[in-house]
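First comes the structure, then the notes that go with it.
Note that the structure is a prediction, hence the values are computed from the model and not measured. The first residue in the sequence is number 1, and the count goes up from there.
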Amino acid sequence: MRPCNGGCPVHARRRRASSKESCTRSGRRDATRRAPHRAGTLRLLALALSAATARAACKATTLEFMYLQGDAVHAAIEDDIRADLAEIGITVTAKPVDKDTLNADMVAGNYDLVFSETYGAPYDPHSYIKSWATQDEAFYSALPTAGVDRDVLAAKVDPIFADLDDASRQTKWTALLQEIHNEVVALPLYGVRVPSITRRDTLSGYTPGAQPFDYGIHKATYVGSGSKIVKVSPGAQGGLFTTVGRLDPHGYRPNEFFANNFVYESLTSYGPGGAIEPALATSWTETLSATGDTYRFTLRTGVTFHDGEAFNCAAVKLNFDHVFGPPEMKDNHNWYGFVAALKDWSCDGEVFVLNTNAHYYPLLNDLTYIRPLRMLSPAAFVGGAASDPYTQNSCPTSWSFTDVTCAGVTALAGTGPWKLARRETGGVTYTGTDYDASGQDDLVVFEKNANYWGGAIDIDELHLVRYDTAAEVETALKNGDLDAVIGKGILSPTTVKELAADGAYEVQHGEESMVSTIIMNIADKDVRKAVVHAVDKNAIVAGPEMSGFESPRAQLFSRNSPYCDVLLTPAMDYDLAAAKELNCPTDSGSTSTTPTITTTTKKKSKKED
């Protein structure tokens, strides 16, 4: 059934899983259906009168719901939530916006409700909570509105980082997670798994990665005929792929996680079940203490960068010097605790030595992050191996600091399984660090790294293809123009379910690590609680928007995340009676005459580059 978009009766949406009727976006029934008979009309009128009477005793609240323009699933869920909240007298107005506006308004607080997701593995819960004190996520604006000091809350993670005892850490994490849960700033909706759809006639052996944007296509085998070229529509941060961005290793947006992961690597990698596995370091030793830890990394030998430069300890130190050396650079990356824990680093022969200023238990985990630290060839730094971190820093040239000059990079050379060959936009071909000023790639071509230390790669070329709509992606996959669709936010769950039933495709889902949530920038805690209990997330997950693929969640973090497999109370579950009692108290003797408007306009923050 098509989603209702405002004018449809609430009860029509409730029957969406079984009713043969559907609502058009204008709120009228499908023109192919006959009008309901007189008895049905009287029933509708009675229901409408009942709803109006109920709303008369409710606090009249209007909430602005912001979501990414063009996201059909979120638009449909917003419609469901609008209908749910109408039952307790809350009016919701939709605010679809582009990605840049979404990012800016989330930080500035120009919303009441907004879709969000936790970071997932390997960032949850520690780096996600730590990031709330930086101008990056919706929590940055929502916590102060709720009367919560975000800096104090984020600082409560630090003593957990320094705790040497795992059981003690679990106790502290449980207490902090419960404290966050009690503030009711987020409405958890459902767990998120990353889907992959591959054509059986061209690809075999693809396995979903352990991180949400770990698309390990280099491990797959080409089983088609002709040239070993695989065409993919990859899931980007905003859903449909538009560009790989600058593709430099030490920046952020518009770079895409998955593309940087193709090209660059770190000392450690994140494996199944959260295992920390060797990457550019083959082994390490840890000397831990309350006053600081020492790690000694034995580096992989015989590895070369894409430009032929040798990977060695000097290269590792150079990358650390640029990303974390100048104080302004450390401050720029302070959204995760790893940065504050760093004391110094050096080379002892070909052993990389890293010291911290206090115990920091997630250090090996944090080294697996796709950004901001992955290894770049020394020859790709401005100034080469002697590059100065202050006057020739590898940070993007659009960044601006007082004591650091961002010079960018001269080449895109990592040690990863794929090397950038070219990109095309509007018929123009770009190579190296050049790309179209529009910030759009029609086609990005990667060549296999024939000297990859991780083993021979069967696929010769990987082509990332841009499409304007999900329908175009689906058509291309079915007619053979695409070999794979990998990542979330591209095809709807309904389409994925249909493809899973077709023997021509292999459909897989990675392990759940993220949770889709709604962040509430609402001062009145009772309103936040009412929203939580009024939203029927079970119906949303079972309905056409999700096709039953995911599972409803009542806690902010997936219980698959470290230290998060705990039961938090009270449950953030659907309870219409409780929602009505909060927003439409039964002892109310009069109607509300003054609306409670929670929308607050605040100054916008600088957009992240």
Side-chain angles (χ1 to χ4, degrees), residues 118-134 137 139 143 148-186 188 210-211 267-268 270-277 283-297 333-344 354-369 511-515 553-572:
T118 64
Y119 288 164
Y123 305 90
D124 289 346
H126 63 291
S127 289
Y128 187 59
I129 295 176
K130 192 71 176 175
S131 74
W132 296 351
T134 62
E137 295 294 329
F139 274 103
L143 288 171
V148 180
D149 189 316
R150 59 187 173 228
D151 295 316
V152 171
L153 184 65
K156 291 183 178 181
V157 181
D158 294 335
I160 307 177
F161 288 153
D163 198 323
L164 289 164
D165 182 71
D166 188 67
S168 176
R169 284 201 298 268
Q170 179 64 76
T171 299
K172 292 175 181 177
W173 268 120
T174 300
L176 180 56
L177 293 173
Q178 183 65 61
E179 180 181 347
I180 294 168
H181 187 83
N182 291 344
E183 295 297 344
V184 201
V185 176
Q211 291 198 44
L267 299 179
T268 59
Y270 192 81
I276 306 303
E277 300 178 340
S283 62
W284 49 86
T285 61
E286 308 169 62
T287 303
L288 310 180
S289 74
T291 57
D293 306 332
T294 296
Y295 289 81
R296 295 177 59 85
F297 294 91
H333 304 304
N334 67 356
W335 56 269
Y336 69 130
F338 174 86
V339 179
L342 290 178
K343 180 181 179 182
D344 56 51
L354 186 64
N355 294 307
T356 67
N357 51 39
H359 178 58
Y360 183 73
Y361 82 83
L363 186 141
L364 295 172
N365 176 90
D366 291 7
L367 281 174
T368 70
Y369 289 2
E511 183 182 76
E512 175 192 303
S513 68
M514 297 177 286
V515 172
R553 290 290 171 253
Q555 299 179 182
L556 178 60
F557 294 105
S558 170
R559 295 179 76 164
N560 291 329
S561 297
Y563 303 103
C564 295
D565 189 14
V566 294
L567 181 62
L568 306 178
T569 57
M572 291 188 180

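- The side-chain heavy atoms of Tyr123 and Trp335, taken from C-beta on, include a pair separated by under 4.5 Å.
- Counting heavy atoms from C-beta on, the side chains of Leu367 and Leu363 come closer than 4.5 Å.
- Judged as a salt bridge (Lys or Arg N to Asp or Glu O under 4.0 Å), and not counting sequence neighbours, Asp344 has no contacts.
- Shortest non-hydrogen contact noted between Asp124 and Tyr119 is OD1-N, 3.3 Å.
- Side-chain atoms of Thr368 do not come within 3.5 Å of backbone N or O of Leu364 as any donor-acceptor pair.
- In terms of modelled atom types and a separation under 3.5 Å, the side chain of His181 and the main chain of Pro570 share a donor-acceptor contact.
- For Gly271 against Ala210, the heavy-atom pair with the smallest separation is O-CB, 3.4 Å.
- Evaluation of the side-chain contact (heavy atoms from CB on, under 4.5 Å) rule for Asn560 yields Glu511, Glu512, Ser558 as partners, not counting sequence neighbours.
- At least one donor-acceptor pair closer than 3.5 Å links the side chain of Thr118 to the backbone N or O of Val515.
- Remark: the backbone N or O of Glu286 is not paired with any side-chain donor or acceptor of Asp293 at under 3.5 angstrom.
- If you take CG on Leu177 and CG on Asn182, they are separated by 11.0 Å, rounding to the nearest 0.5 Å.
- Two rings, from Tyr361 and Tyr563, have their centers less than 6.0 Å apart.
- Across all non-hydrogen atoms, the minimal contact from Pro272 to Glu277 is CD-OE2, 3.7 Å.
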| request: Test Trp173 against Val157 for side-chain contact (heavy atoms from CB on, under 4.5 Å), laying out the working first. | output: CA-CA 8 Å; Trp173 268 120; Val157 181; 4.0 Å; yes
| request: Given side-chain contact (heavy atoms from CB on, under 4.5 Å), test Trp284 with Ile276 step by step and report yes or no. | output: CA-CA 11 Å; Trp284 49 86; Ile276 306 303; 4.1 Å; yes
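- Under the rule for a side-chain contact (heavy atoms from CB on, under 4.5 Å), Ala162 has no partner lying at least two apart in sequence or in another chain.
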| request: Give the C-alpha distance, both sets of side-chain angles, the deciding distance and a yes or no for side-chain contact (heavy atoms from CB on, under 4.5 Å) between Phe557 and Ile129. | output: CA-CA 11 Å; Phe557 294 105; Ile129 295 176; 3.8 Å; yes
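- Asp366 has its side chain out of reach of Val339: every pair of non-hydrogen atoms, C-beta onward, lies at least 4.5 Å apart.
- Just one of Thr285, Thr287, Asn355 meets the side-chain hydrogen bond (donor to acceptor under 3.5 Å, both in side chains) condition when paired with Thr294; it is Asn355.
- Residues satisfying the salt bridge (Lys or Arg N to Asp or Glu O under 4.0 Å) criterion with Lys156, sequence neighbours excluded, are Glu179.
- Taken to the nearest 0.5 Å, the CD1 atom of Ile160 stands 9.0 Å off from the OG atom of Ser168.
- The aromatic rings of Tyr128 and Trp132 stand perpendicular to each other, their planes meeting at an angle above 60°, with 30° marking the opposite boundary.
- No side-chain heavy atom of Tyr336 sits under 4.5 Å from any side-chain heavy atom of Ser131.
- Taken to the nearest 0.5 Å, the OG1 atom of Thr268 stands 10.5 Å off from the OH atom of Tyr369.
- Gln555 places a side-chain N or O within 3.5 Å of a backbone atom of Leu568 that can act as its donor or acceptor partner.
- The shortest side-chain heavy-atom distance between His126 and Tyr360 falls under the 4.5 Å cut-off.
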| query | What do the steps show when you test Thr174 against Gln178 for side-chain hydrogen bond (donor to acceptor under 3.5 Å, both in side chains), and what is the final call? | reply | CA-CA 6 Å; Thr174 300; Gln178 183 65 61; over 6 Å; no
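- When side chains are defined from C-beta on, Ile180 does not count as touching Glu183, because their heavy atoms never get closer than 4.5 Å.
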| message | side-chain contact (heavy atoms from CB on, under 4.5 Å) for Met572 and Leu556? Distances and angles first, verdict last. | response | CA-CA 10 Å; Met572 291 188 180; Leu556 178 60; over 6 Å; no
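- Shortest non-hydrogen contact noted between Lys343 and Asn357 is CB-N, 3.7 Å.
- Scanning for salt bridge (Lys or Arg N to Asp or Glu O under 4.0 Å) contacts around Asp163 gives Lys172, with sequence neighbours left out.
- At a threshold of 4.5 Å between non-hydrogen side-chain atoms, the residues Pro362 and Phe338 do not count as touching.
- Taking NE2 from His359 and OG1 from Thr291, the interatomic distance works out to 11.5 Å, rounded to the nearest 0.5 Å.
- For Asp165, the salt bridge (Lys or Arg N to Asp or Glu O under 4.0 Å) criterion is met by no residue, not counting sequence neighbours.
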